[in-house]
Amino acid sequence: MSGQKLSRTKRTNKKRVNKSNNKHSRLTKGLQIGGIIIGVLVIITSIICFYWAATAPKVTNAQLTGTSQSSILDSKDNVIWTSGSEKREIAQQDEYPKVLKDAVVAIEDRRFYKHGGVDIRRIFGAAMANFTGSSLGLQGGSTLTQQLVKQTAFSSAITDQTLKRKVQEAWIAMRIEKQYSKAQILTLYMNKVYMGSGAYGMKTAANFYYNKDMKDLTIPQVALIAGLPQSPSGYDPYSNPSGAKYRRNQVLDAMVEYGSITKEEANQYKTTPIDDGLVNDHTEQNSEAETAKIDDSYITSVLAQVKAAKYNIHQDGLTIKTNLDSDVQNKAYDVVNSSTNNKYGISYPDDEVQAAVTITDPQSGNVIAQIGGRNQDTLQGLNLATSTQRSGGSTVKPLIDYAPAIENFNWPTYRALDDSSSFKYSGTNLSAGDAGMTNSQPYSKSTGQPYVSMRNALTRSLNVPALHTLEGQSPISATEHDEYVGHAKASDFLKKLGMTPKLSGSSAIGFNVSTEQEAAAFSAFANGGIYYKPSYVKTITTQDGTVKSMDSKGQRAMKDSTAFMMNDMLQSVITATGTWSLGFNQYKTDAYVQGAKSGTVAYPADSDYPSSAAQDLWFTGFTKSAAISVWTGYNEPMSVSKPLDGLTGPTAHLPNEIYNTLMQYVMTNDDLDGSDWKKPSSVRKVTKNGQTEYEVAGADFNDPFSNRLPRIASNNSSSSTTTIANSSTIYSSIRSASNQTPNANTNATTPSSTTTRGSNQGGGNNSGGGNATQTPKSN
């Protein structure tokens, strides 16, 4: 029988058994391999976690008992600001009433007395509560001990909330549980926690909010105090009473669950008004920090940058080193806040006129000084230096018109532009006339020359060439004028310079901008075309010693040829004399080379203000080492009372006088480079029309009108005495702001014989230009 073949049934059964055995063998091997992999991962994870734990920051008793206040330092490590205005009151264990302790434990960590610093059950419970939406304020998985560690050794920034930090936080919490009693840990937490409005610790908060000792607090007041640490600003009873009431009631419900009060008592306490017992007068206490007025605006910008980086200035115990040059800041503050009769000779018309200044380093984007207002009493209020509620007038022409034209079309500095006396806004019947006027008579084909070079147009701040450059209209020879920037290209260019304004038909001669934005944008002309986002903070050091660099990373915004050619034309604003000049040549110095642009925004044509008055004046300029942007005007320009009549006469020189005073001071630093710029290989130097000009090397460009340019002997010629009068009209929704020579005392007219108003004032005896723009909203 043994030698006989197996029957078909037996052979089939044997195959099935063998197949089953093979599957079982493969499954066993798979499980073994999987087990090995899991085991290896567990070992690796354990090693990593042990390493993280071993390298966790050491937490001392001094750190546990100290506050989580943050400090701001200037560039030389001098402390200029510390968070928290309240004198912190440290409470002993027996000072905290039992009901307050119970309230804190009930809402923050109900199993506080049962865990060893880390509560696994709480972590899973918190996850489930988040999933179901049922919470009683217990969504967070951190115990009170972990929260104490977090406030002592780590920051709250989202970028710092890593697995490594969570492991270290848990490890330190377990160590603290072995070193301190529960009563001590709870006291440390209640003394350290930030309570809003500059107050640290619950004893301080009881005094701040209710002017009471903790033992005298009512149950509803206890509940409010206990609930504040989760979100001091979100549950602020002054600024958000509804949020504060919601959180207080959450605490009351948690106290019911904990057994501190009954449900009936909680319901009764919930009827208590949220402002019951609140101290109303915090005039002195609400001063957020020990802030000197001198640094106030700069600190406001620092706090904004720190907040944008997701750090909590009040809870993270940060050391923030800034780029502030305190010497320059002090000088800027003194210059801007000088009286009407001051040692600088600056013509402030009154104490109400405002000014804003931003000073940056073009090579890094570092903001070295900033003044956000003049004669301001409110700390950390509106920072006019970063506000974008006022039009920049003609200071935007280099940014929106000419630089994009060079960048996209390789226009040379001598490119001929249409300066005829007519421009019609797209989609309207509204016309704007401008320069191209001699003795108040408009140029035409029969009487004069309607073309100017791009350098001429920028230096004299002519409006119509700027409008044609952006919008593409050229009524004189529309068929030939086929190159213009357009809003799409302009927007793309401005975006690379950190600006995203909403463009309109008049944007070519003015859109809303800030001194911070202009200083940063003009810096790109000074450094070869690199845009650096303005940065106030150099480094942020967290409580565990981690240092985070906040240096701005430069991005190329334009070709170096564009930057150099714009730079050179802006230098002409300072060096030009005679008919080319707006009078800024008085600021020319052998100490350093600079480029600049002025801007004027006039009052609406239908206002009661004289045609010579301006509601906004700007001046932005740069050297290799500093860019300074200055705005002057009134907070409510339409409310300026006569006989001031806005900014006119001597006061029309305010921004350029402030600029010149500050640039002279900044450039006295021997370490700063004030030399001229070297021409890059991408640019070719040429002589055109008796002028030194520049063009993009090897580039083709369209210049159909170059043979029609009037010949001018020299950019710096002062032999001509011709006065250039300019005018512009913008009506209806566009609103009006136009310019004429301040000493001419004449009203020029547009081709439609409409009287215009406004003026562009420069320093010295010669002036002209056309810094016309729409009227902006007031600050």
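Enclosure of atom CD in Q555 is not indicated, since only 12 or fewer non-hydrogen atoms of other residues, nucleotides or ligands lie within 6.0 angstrom.
Results of the side chain to side chain contact (heavy atoms under 4.5 Å, CB included) test with V193 over E108, Q151, Q147 single out Q151 as the only residue that passes. No option in Y113, Y96, Y180 other than Y113 meets the side chain to side chain contact (heavy atoms under 4.5 Å, CB included) test with L186.
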Side chain to side chain contact (heavy atoms under 4.5 Å, CB included) between Q221 and L278: does it pass, once the steps are laid out? CA-CA 9 Å; Q221 293 168 352; L278 275 179; over 6 Å; no
Would V104 and Y189 satisfy side chain to side chain contact (heavy atoms under 4.5 Å, CB included), going step by step from the backbone distance to the final call? CA-CA 10 Å; V104 171; Y189 171 83; 3.9 Å; yes
Begin with the C-alpha distance, continue with both residues' side-chain angles, and end with the deciding distance and a verdict on side chain to side chain contact (heavy atoms under 4.5 Å, CB included) for R248 and Y235. CA-CA 9 Å; R248 182 199 67 181; Y235 301 137; over 6 Å; no
Check against side chain to side chain contact (heavy atoms under 4.5 Å, CB included), T539 and K548: CA-CA 5 Å; T539 60; K548 181 176 181 179; over 6 Å; no
Test R374 against E352 for salt bridge (charged side-chain N to carboxylate O under 4.0 Å, His left out), laying out the working first. CA-CA 8 Å; R374 183 168 178 266; E352 284 69 46; over 6 Å; no
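The closest side-chain heavy-atom distance from V99 to M255 is below 4.5 Å. In this structure the side chain of Y532 never reaches within 4.5 angstrom of the side chain of T360, judged on heavy atoms. No side-chain heavy atom of Y536 sits less than 4.5 Å from a side-chain heavy atom of L324. Using a 4.5 Å cut-off on side-chain heavy atoms (C-beta onward), N207 and T204 make no contact. By the 4.5 Å heavy-atom criterion applied to side chains, T218 and K212 are counted as neighbours. Counting heavy atoms from C-beta outward, K182 and E177 have side chains that approach closer than 4.5 Å. Using a 4.5 Å heavy-atom cutoff, the side chains of D119 and F112 are not in contact. By the 4.5 Å heavy-atom criterion applied to side chains, Y311 and V537 are not counted as neighbours.
K203 is linked by a salt bridge (charged side-chain N to carboxylate O under 4.0 Å, His left out) to E95, counting only residues two or more places apart in sequence or in another chain. Evaluation of the salt bridge (charged side-chain N to carboxylate O under 4.0 Å, His left out) rule for K270 yields D253 as partners, not counting sequence neighbours. Not a single salt bridge (charged side-chain N to carboxylate O under 4.0 Å, His left out) links K101 to another residue, sequence neighbours left out.
Taking the six-membered ring where tryptophan is involved, the planes of F208 and Y238 are perpendicular, since the angle between them exceeds 60° and thus also 30°.
In the model, T358 has a side-chain atom that pairs as donor or acceptor with a side-chain atom of T515 under 3.5 Å. A side-chain donor-acceptor contact under 3.5 Å links Q370 and S301. Judged by distance alone, the side chains of N78 and D74 do bring a donor and an acceptor atom under 3.5 Å apart.
Remark: K293 is not positioned above the aromatic ring of Y333, lacking an NZ or CZ atom under 6.0 angstrom from the ring centre and at most 45 degrees off the axis.
One N or O on the side chain of T187 and one on the backbone of A183 form a donor-acceptor pair closer than 3.5 Å.
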